[in-house]
Amino acid sequence: MTSAREHIEFDVLFVGAGPANLAGAIHLMQLAQKKGLDLDVALIEKGADIGSHALSGAVMNPIALKELMPDYLSAGCPVEATVRGDAFYILTQRSQHRLPIVPRVMKNEGFHVISLSKLVHWLAGIAEEMGVNIFPGFSGAEVLYAEDATTVTGVRTGDKGRDKDGQPKSNFEPGIDILAKVTVLGEGAKGSLVREMNKRLGLFDGRLPQTFETGIKEVIQLPKDNFFSNSPFNDVHTLGYPLGVSTHGGGFIYQMAENRISLGLVVSLGYTDPMMDLYEQFIRFKRHPLVMEMIEGGQVIEQGARTLENGGYYTIPKLAVDGALVVGSAASMQNGPALKGIHTAMKSGMLAAETMIQAFSLGRFTRDALDLYETLFENSWIKQEIYAGRNFAQAVSKKMPAKAIHLALQVLTGGRGLIDKMSIKEDSKTLSPLRAGMDSDSGRPDERQNYDGKLFVDKLTGVYLSKTQHREDQPCHLVVHDPDLCVDRCYSTYGAPCTRFCPGGVYEMDLDEKTRKRRLKVNFSNCLHCKTCEIKDPYENITWTCPEGGDGPGYTVM
Ligand code: SF4
């Protein structure tokens with residue numbers, strides 16, 4: 001049984017309830033009120049609630065929020081803590097060395113530790129009060145185009161109520177066509193709509209390949225008397241163990257309110273070891289003596305994972321096309337060296353809002369009108385920040401000592417370095433094949449088995465603590481294009497790395513005892529929507545598509 005597809009029309013449609021789109025929606029309403037413009041604005045979000053799919057470290061530079069709402073603190077912005085001091089450690093397996101000076105880009109004193117889930121939830125309440133129609137539980141399934149096949153006219157939301165074979169069930173509801181004069185794509189890193197738009201409109205043509213990092217994060221409840229109670233610093237970053245000098249990434253620990261901490265490990269997906277298990281590395285980080293001292297007596301209350309883009313300026317796509325704008329992480333608006341993207345995402349959304357107000361004054365929504373966004377970006381402080389780190393991802397993808405030389409020269413030359421616009425490989429192309437006798441670099445038996453279920457939880461308990469849910473009887477949203485390739489070439493060449501890079505334990509390589517044949521099993525209901533598999537699969541054999549709206553993680557304090 002099928003029902004007719006509904007159409008709804010708005011002036012502006014924001015897709016995704018991240019900081020870029022919410023700041024953009026609020027700023028749009030502020031400017032529209034000033035101009036006396038009456039705009040119909042909508043925002044859709046695939047998570048069941050606003051904030052349920054939002055995950056970040058997070059220390060936020062409040063510069064953009066101050067511009068948007070100078071009174072943000074008295075207006076009730078959910079700040080967990082304000083950074084009173086930074087500490088930067090180099091870790092070896094058993095010891096640590098605190099750097100006497102924190103690198104300038106990592107100095108966060110005065111910035112706010114926040115939960116991104118809580119921040120976007122709060123921003124959504126403000127946007128709603130200003131008249132934005134907010135629809136959580138609606139995924140964007142495809143971009144809609146005008147007859148010319150290139151002008152974006154809106155988004156079709158995902159169907160609900162299909163069975164695992166894709167057939168409509170009795171409760172089937174077809175997706176809705178949400179049409180708008182301008183559609184703003186703010187889906188976060190590796191968005192599926194932007195990916196498909198790129199195939200049609202060449203958004204990333206001529207750019208360096210986008211590169212990514214995966215962050216695994218926990219919020220840990222500590223006892224009242226804990227490491228940070230009397231510590232002069234509450235913002236900690238680490239380099240070194242467990243990743244070593246060849247793999248870029250590091251750890252973070254931030255003090256939150258109510259004796260909680262935010263703890264995570266971020267790993268560049270340009271890593272080369274096919275046996276690396278990202279979750280095992282995260283557990284190793286937690287077991288380091290310094291980290292153990294900081295988390296002693298704690299209990300994990302929420303866990304999650306997400307990729308972030310770190311490619312920088314040379315990976316920024318076309319920001320405007322006919323009828324659409326791209327903002328936030330989807331548009332590479334990340335200050336990679338500082339590991340910060342919330343303020344840059346917010347500012348990009350605000351610049352998009354200024355562009356749209358101008359377009360409404362002109363009554364034109366084609367690229368020539370929306371290109372103002374590119375101009376505003378080029379003249380803004382975010383351009384300066386992102387441009388300064390334009391060769392950073394490329395430098396840290398090198399091995400030592402080349403990495404150190406490039407980084408030092410970039411510091412001395414304001415980001416230019418030895419070669420400006422250094423090249424970089426796509427993350428899917430960096431794994432080395434298995435060597436004879438190669439075994440896992442991580443996950444020694446003692447680490448795999450010593451999960452106490454409280455401070456150290458295994459992958460599946462972590463998925464449980466992310467409150468991830470998917471209706472089981474729906475089509476699998478993780479499309480493995482050629483399952484035979486997984487069993488034949490990928491297993492023998494790379495040892496099925498998806499079974500290790502997925503932090504949700506979604507992929508398992510089963511062996512049928514009778515036939516002795518292997519088969520890739522995809523436990524899609526564990527998917528944390530982090531997108532690592534689509535990025536890191538060495539054969540680009542996995543495509544992440546949106547499951548039913550409302551499914552996925554249920555973050556509340558991430
Ligand atoms: Fe992340 Fe892919 Fe695993 Fe889902 S299946 S948790 S997107 S790596």
Side-chain angles (χ1 to χ4, degrees), residues 16 46-47 52-56 139 158 187-195 210-218 249 264-271 274-282 302-309 329-330 427-428 430-431 457-472 474-481 483 486 490 494-510 520-548 550-555 558:
K46 69 182 169 68
S52 59
H53 288 189
L55 182 152
S56 183
S139 58
E187 308 169 275
K190 202 66 182 174
S192 45
L193 295 178
V194 168
R195 176 191 67 217
Q210 273 198 315
T211 53
F212 299 87
E213 295 166 342
T214 291
I216 302 178
K217 172 185 164 175
E218 287 176 345
L265 182 73
V266 176
V267 183
S268 161
L269 292 182
Y271 70 84
M275 297 307 289
M276 182 152 78
D277 184 317
L278 297 185
Y279 194 82
E280 292 289 346
Q281 298 290 15
F282 172 68
E302 205 159 284
Q303 193 190 85
R306 186 69 173 98
T307 49
L308 52 143
E309 79 298 343
S329 287
D427 293 328
S428 59
T430 59
L431 282 186
V457 299
D458 61 18
K459 268 187 201 177
L460 292 187
T461 310
V463 171
Y464 171 77
L465 290 172
S466 73
K467 305 181 192 75
T468 294
Q469 286 187 341
H470 292 85
R471 190 173 61 78
E472 297 275 349
Q474 67 175 298
C476 175
H477 68 278
L478 298 153
V479 181
V480 179
H481 300 282
C486 307
C490 189
Y494 298 105
C498 59
T499 60
R500 290 177 293 279
F501 56 58
C502 170
V506 167
Y507 301 100
E508 287 179 87
M509 194 54 88
D510 274 358
L520 185 72
K521 189 173 162 204
V522 182
N523 307 303
F524 75 86
S525 54
N526 290 356
C527 178
L528 301 165
H529 296 202
C530 75
K531 317 283 179 77
T532 305
C533 50
E534 178 169 317
I535 296 163
K536 191 60 185 168
D537 182 75
Y539 296 99
E540 297 180 16
N541 195 24
I542 302 172
T543 299
W544 189 95
T545 64
C546 257
E548 261 187 20
D551 284 357
Y555 302 138
M558 278 289 158

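Both ligands and their constituent atoms are indexed starting at 1 by order of listing.
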Per-atom contacts of ligand 1 with V506, taking only distances under 4.0 Å to non-hydrogen atoms: 3 (Fe), 5 (S)
Numbered atoms and elements of ligand 1 in range of K531, under 4.0 angstrom, heavy atoms: 1 (Fe), 7 (S)
Atoms in ligand 1 with a heavy atom of C533 nearer than 4.0 Å: 2 (Fe), 5 (S), 7 (S), 8 (S)
Atom 1 (Fe) of ligand 1 to nearest N/O/S of C530 below 2.8 Å: yes
Charged N-O contact under 4.0 Å between E309 and K190: no
Backbone N/O of A330 and side chain of E187: donor-acceptor pair under 3.5 Å: no
Proximal ligand 1 atoms for L478, defined as those under 4.0 Å from one of its heavy atoms: 5 (S)
For atom 4 (Fe) of ligand 1, the protein heavy atom that lies nearest, with its residue and separation: C527 SG, 2.3 Å
For atom 6 (S) of ligand 1, closest protein heavy-atom neighbour: L528 N, 3.2 Å
Contact partition for Y507 relative to ligand 1, non-hydrogen atoms under 4.0 Å: side chain
Short side-chain to backbone donor-acceptor contact, S52 and G47, under 3.5 Å: no
K46 with E548: basic N within carboxylate O range, under 4.0 Å: no
Donor + acceptor pair across side chains of Y271, E213 (<3.5 Å): no
Ligand 1 versus W544: contacting region, heavy-atom distance under 4.0 Å: side chain
N/O donor-acceptor pair under 3.5 Å between D427 side chain and F212 backbone: yes
Electrostatic pair K217:E302 at N-O distance under 4.0 angstrom: no
Metal site atom 4 (Fe) of ligand 1: N/O/S of C502 inside 2.8 Å: no
